[in-house]
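To start, the structure itself, in structure tokens.
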Amino acid sequence: MDAWAGRIGVVSGRYHSHGENDAPETTIELFGRCEDGASICLLVSGLRPTFEIATMGKRSKDDPITDAELHRIEVLRQRSDIVDVRGPVWKWTDLGEKPVWTVEAIQPFNVPSLRTDLIKQSWMIYSGDIPFVNRLFLDNDIGMHLAIEGHIVDSREWDDEDDVHKINVMKHGGVGRYAVDRTVAVTLEHVKQSEPFPVPWRILSYDLETSIAHNTILCAAVWVEDMATGDRRVYEYKGAEDLIMEQMTKMVRNEDPDIITGYNIDNFDFPRMVERMEHHTSRKQWKARSNLLGWGRTPHLETECNRSRTGVLPRRQSNRAWNLGGRAIVDAWWQARQALKPQRETLSFISKLLFPDQEDMQKMDIDASNMDVEWANRPDEVMEYCVRDAALPLDILHAIQAIRRKEAVAAVAKVPFETASNGSTSQLLDSLVVRLADRREVAVPLTGSAEAKEGQITGGYVHDVEAGLHPWIAVLDFKSMYPSIMIGHNVCYTTRIDPSHPEQPGDDDEIHTSPTEAMFWSTSYRKGLVPTLLEDLMGQRDEHKALLKQARQDEQAEKEEFHDAMQYAVKILMNSFYGVFASGFYRFTHKDLGSSITAWARHNIKAIIQKLDEEGHHVVYSDTDSIFVRSPVAEGSPSVLREDDDQETIDAYEAAKQAMIDFGLEVAQRYSKDSAVLEYEKGLSVFFSHGAKKRYVGQVVYPSEEMLIRGYETQRTDSFEYLTTAMKQTFQYALTDDGDALIQHALETVAAVKKHEVPARRLILAKSCKGRVDSNGVVDFTKDYARPESMAQVRAAKILIERGLGFTPGMKISYVVTNASNRPMQVHPWIESEDDGGIPGYDGRFYAERLAAALGRITEAFGWNAKELFAGNRQTSLFSF
DNA sequence: CTGGTGCCCTAC
DNA sequence: TTAGGTAGGGCACCAG
């Protein structure tokens, strides 16, 4: 058999159980792509399913193992469903140091029932809910980029008329011939971590056009791209529905992509294909089902069709991401929504946003709401449209660098690509925390074993804002506040001092006591897992940032992109720690962790605010980890420069700016203490707020020149463009203290919309709309909304559904208010393909009122309130009440 | 008209 | 069945 060595990127993994009960074997199948471009299935043998047990109750190293305990272990060893019991090893637990035995089960799927049984027999279970594939990543300390030394057991080009290769694959623990270029067998010890490298993924993007009348698939288009070269190929399918599906399935298995994408495939294309598969076949016809939709990397087998996850057929558990054996399914809609937070979420809107110059990409030449007629009359154009819509998701994923960013997250968290793209935050952290716990001999509790968190913990402190304009504001920020608190105070599940714990500090022990009175060991006694990991991540980030800078200098674009993605991934991961550890369910959670972190944060920031105030430096605003403080500049210093200003004024402005910078840097230095680093983030020549927390605007003059807006309607995706633009202009005037122009502009914009002089396109509102679609396509809103009919976006969505225009739960619904004089107000969905969105006009009064309300908060500081803005003058309103 | 509730979206 | 957190503003709706 040919030896094979090389580097691979892992998309996802799963396991296959085989062997007899008296000689059970479990093989891990890792799927992915080799550095040379070939796809691969790696068969890893040698890992056995295990978990750990210990006795109940408190314990310390002073309590030796008793004969009774050894007897209990011996009884377990005799059980037919236990292969072996090894140990013990003394490990840290929240109830003291305990001897921990390792129990080997027959197969991974036997673990849950065995676990339950042992709990009934009063055993504590540790590491008992780690998915088997994860065990390999943890034990070998590997991530998604691997270096392998194995041997080839199968290759795509080999003929196999007499099943020789199939039998060989099965002999090495496989389920049969995999639909990959090469299948490589390897033993546990030859699976090693490699340096990260850009994996030459193959991505497939597809789009279906379907009949509105019959739900059938009319045609399909597919693009396949090799990321290494950028080469793309297109496939088109039409004709009988079952033939379309069979041909597509053959193509998928032949092209063998690692990642499958499309626009809204999670909620439309995949559910539709499964539904059509079920229409054409019964559950028993596994072969026919495989032929229609067997897109996984595994052979077409009955067992593969019956797998509830990572099998040959696409599946999903409830509303989570779809899964498929050996490939990752990444919806371009979801990625774009997360990355761009767009105002609207249709494919055409996103395309226009990302590729404004490419008009042919956006041309809407097909009436999707009338697809059956369009297909009957001009099938070629429909196909062209379908081909274009299949290509766009690839362009979108490139534009937002979605794949490389997920790959970087996977590399940092040391998980397969699929876990980074579709998994939860706690899975990413688990990967790092559990592997360190194993190395440190800390027992790993089960998820859900922690005491449930009752109610909410108190969060960050938000200082009241003073309404109005404030000149020369220095903005100071704590650098990674929560992570640095966790490091600085050694906050961890494993360092918390519980009054009932056998391990108690003596008088000489220095400990950290939080404002909530929770106590933590200092690092000199024992350093926590979390502080260790966070420090390591901080170091990694600095490294990548330095290499990024170097690559930029050397103009090495690829390297620059890589280190930027890596440093960003590290940042994301670091910021996830607090949230997961403050959650109620994580395995290493205790309610004191989260509340201590936020208590320290509030304590620190309030102390600084008070000290600054005592020094005479007024703090105008503060939120969680930031402080906005008035700088001591010369009295009468200008904070705005105008074109005709004389040199003296310019000099005074520059002097004030310099004073602010000096002040900011000085304060940052003086108030930084150990790991709590206060940074001088930026300087504002003017800061404005109407007096509401989390809503402000500022003119940044250091380190760059820009307008900074937070919270206001300009930042919100459920506002309308006309308001957003008007408000931005208003802020410009506010920051230059030009009250007259500000009021004039506000009055004009309100008056214009009142008189219907504004095109409806500028008044589109959009809000996310939940709902559940059942198998018949009926949408139920009552599970998500207390009163669905009272939600404007639901009413608009119902009109869309009625007209056969499709509805995706979670997607934004665009609508225009057509009549707000009655409650609930009348709304109309905006339909891009129709003239003027297919709406019968708009309610000018409604929009004028909303605009006046929003702008009125700003203009109030300049003497005009919302009612006056709406009326258009101040006099009448004085007498109107 | 007012106050309470449900919901969305944002800042950190 | 399903997994990062809390603080906060503001809108629409609805009961009284």
Side-chain angles (χ1 to χ4, degrees), chain A residues 129 317-320 337 341 343 423-430 433 447-448 450 452-453 455-465 475 477-478 480-483 572-589 591 593-595 597-599 601-602 605 621-628 681 689-696 708-720 723 765-770 781 783-795 810 812-813 815 817 820 822-827 846 849-850 853-854 856-857 866 881:
Chain A
D129 56 356
Q317 283 97 335
S318 71
N319 274 329
R320 301 207 52 210
R337 179 192 168 120
K341 296 206 172 79
Q343 215 82 24
S424 59
T425 316
S426 56
Q427 283 176 291
L428 300 180
L429 294 201
D430 231 13
V433 179
T447 293
K453 197 173 65 172
Q456 279 194 332
I457 60 170
T458 312
Y461 169 70
V462 189
H463 200 59
D464 274 330
V465 212
V475 185
D477 264 33
F478 274 107
S480 307
M481 191 188 221
Y482 288 175
I572 291 189
L573 228 57
M574 280 179 60
N575 289 333
S576 312
F577 272 76
Y578 159 74
V580 172
F581 281 81
S583 74
F585 57 84
Y586 186 55
R587 61 173 85 246
F588 286 107
T589 289
K591 60 179 169 49
L593 305 187
S595 52
I597 295 162
T598 58
R602 291 192 301 276
I605 205 106
Y621 183 53
S622 161
D623 185 348
T624 310
D625 61 355
S626 67
I627 295 177
F628 292 63
E681 169 92 351
S689 172
H690 74 279
K693 291 171 174 181
K694 296 188 186 284
R695 293 195 160 210
Y696 60 86
L708 171 74
I709 310 176
R710 289 288 179 265
Y712 279 114
E713 281 79 352
T714 54
Q715 310 308 106
R716 295 184 62 98
T717 58
D718 56 356
S719 188
F720 50 101
L723 187 158
L765 291 158
K767 278 195 183 192
S768 295
C769 187
K770 298 180 192 169
F781 293 102
K783 295 241 171 17
D784 294 288
Y785 295 110
R787 287 190 309 268
E789 280 302 320
S790 76
M791 312 292 296
Q793 71 270 42
V794 173
R795 296 196 298 275
K812 278 170 164 291
I813 299 287
Y815 61 91
V817 176
N822 296 313
R823 282 291 118 95
M825 64 192 191
Q826 198 182 79
V827 297
F846 164 81
E849 272 177 356
R850 248 192 85 167
R857 291 185 203 104
F881 313 101

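Numbered from 1 within each chain, the chains take letters A, B, ... in sequence-line order. Excluded from the calculations below are hydrogen atoms, water molecules and symmetry mates; all remaining heavy atoms, backbone and side chain alike, are included.
At the heavy-atom level, A:G459 lies under 4.0 Å from the strands shown only through sugar-phosphate atoms. Note on A:L429: nothing from the nucleic acid sits closer than 4.0 angstrom, heavy atoms only. If you check every strand for non-hydrogen atoms under 4.0 Å, A:R857 touches sugar and phosphate atoms only. Note on A:F846: only backbone sugar-phosphate atoms sit closer than 4.0 angstrom, heavy atoms only; bases stay farther off. Counting any heavy atom pair closer than 4.0 Å across all strands shown, A:Q793 reaches sugar-phosphate atoms only and no base atom. Across all strands shown, A:H690 has heavy atoms under 4.0 Å from sugar-phosphate atoms exclusively, and none from any base. Looking at heavy-atom distances under 4.0 Å, A:M481 makes no contact with the nucleic acid at all. Using a 4.0 Å heavy-atom criterion, one finds that A:R602 contacts no nucleic acid atom at all. As judged by a 4.0 angstrom heavy-atom cut-off over every strand, A:Y785 is placed among residues touching the sugar-phosphate backbone only. Within the 4.0 angstrom heavy-atom criterion, only backbone atoms of the sugar-phosphate kind lie near A:T458; the bases stay farther away.
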Detail all sub-3.5 Å separations between protein N/O atoms and N/O atoms belonging to nucleotides 9-12 of chain B.
residue : atom : partner : partner atom : Å
B:dC9   : OP1  : A:S768  : N            : 3.0
B:dC9   : OP1  : A:S768  : OG           : 3.2
B:dC9   : OP1  : A:K812  : NZ           : 3.2
B:dC9   : OP2  : A:S768  : OG           : 2.9
B:dC9   : O4'  : A:R716  : NH2          : 3.0
B:dC9   : O2   : A:R716  : NH1          : 3.3
B:dT10  : OP1  : A:Q715  : O            : 3.2
B:dT10  : OP1  : A:T717  : N            : 3.0
B:dT10  : OP1  : A:T717  : OG1          : 3.4
B:dA11  : OP1  : A:G711  : N            : 3.0
B:dA11  : N3   : A:K694  : NZ           : 3.0
B:dC12  : OP1  : A:Y696  : OH           : 2.6
B:dC12  : OP2  : A:R710  : NE           : 3.1
B:dC12  : O3'  : A:D623  : O            : 3.4
B:dC12  : O3'  : A:D625  : OD1          : 2.2
B:dC12  : O3'  : A:D625  : OD2          : 3.4

Inset, instruction - Determine, step by step, whether A:H463 and A:F628 satisfy the ring pair (Phe, Tyr, Trp, His ring centres under 6.0 Å) criterion, reporting the C-alpha distance in whole Å, the side-chain angles of both residues, the deciding distance to 0.1 Å, and the verdict. - result: CA-CA 10 Å; A:H463 200 59; A:F628 292 63; over 10 Å; no
Inset, instruction - List the steps, then state whether ring pair (Phe, Tyr, Trp, His ring centres under 6.0 Å) holds for A:F581 with A:Y586. - result: CA-CA 7 Å; A:F581 281 81; A:Y586 186 55; 5.2 Å; yes
Inset, instruction - Evaluate salt bridge (Lys or Arg N to Asp or Glu O under 4.0 Å) for A:E713 paired with A:R857, printing each intermediate quantity in order. - result: CA-CA 11 Å; A:E713 281 79 352; A:R857 291 185 203 104; 3.1 Å; yes
Legend entry - A:Q793 vs A:Y785, side-chain contact (heavy atoms from CB on, under 4.5 Å): CA-CA, chis, key distance, verdict: CA-CA 11 Å; A:Q793 71 270 42; A:Y785 295 110; 4.1 Å; yes
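Here C:dA3 sits opposite no nucleotide as a Watson-Crick or G-U wobble pair (both hydrogen-bonding atom distances under 3.5 Å). Across all strands shown, C:dC13 pairs with B:dG4; the Watson-Crick or G-U wobble distances both stay below 3.5 Å.
Not a single donor-acceptor pair under 3.5 Å links the side chain of A:E849 to the backbone N or O of A:F846. Judged purely by atom type and a 3.5 angstrom limit, A:S719 has no side-chain atom pairing as donor or acceptor with the backbone of A:Q715.
Residues forming a side chain to side chain donor-acceptor pair (under 3.5 Å) with A:T598 (at least two apart in sequence, or on another chain): A:R602.
Each of A:V580 and A:Y461 has a nearest nucleotide on DNA chain C; the 5'-most of these lies closest to A:V580.
In this structure, CD on A:E681 lies 9.0 Å from OG on A:S626, to the nearest 0.5 angstrom.
Chain A approaches DNA chain C within less than 4.0 angstrom (heavy atoms of the protein), and the contacting nucleotides run 5' to 3' from C:dT2 to C:dC14.
Note on A:D430 versus A:R587: salt bridge recorded, some NZ/NE/NH1/NH2 to OD/OE distance being below 4.0 Å.
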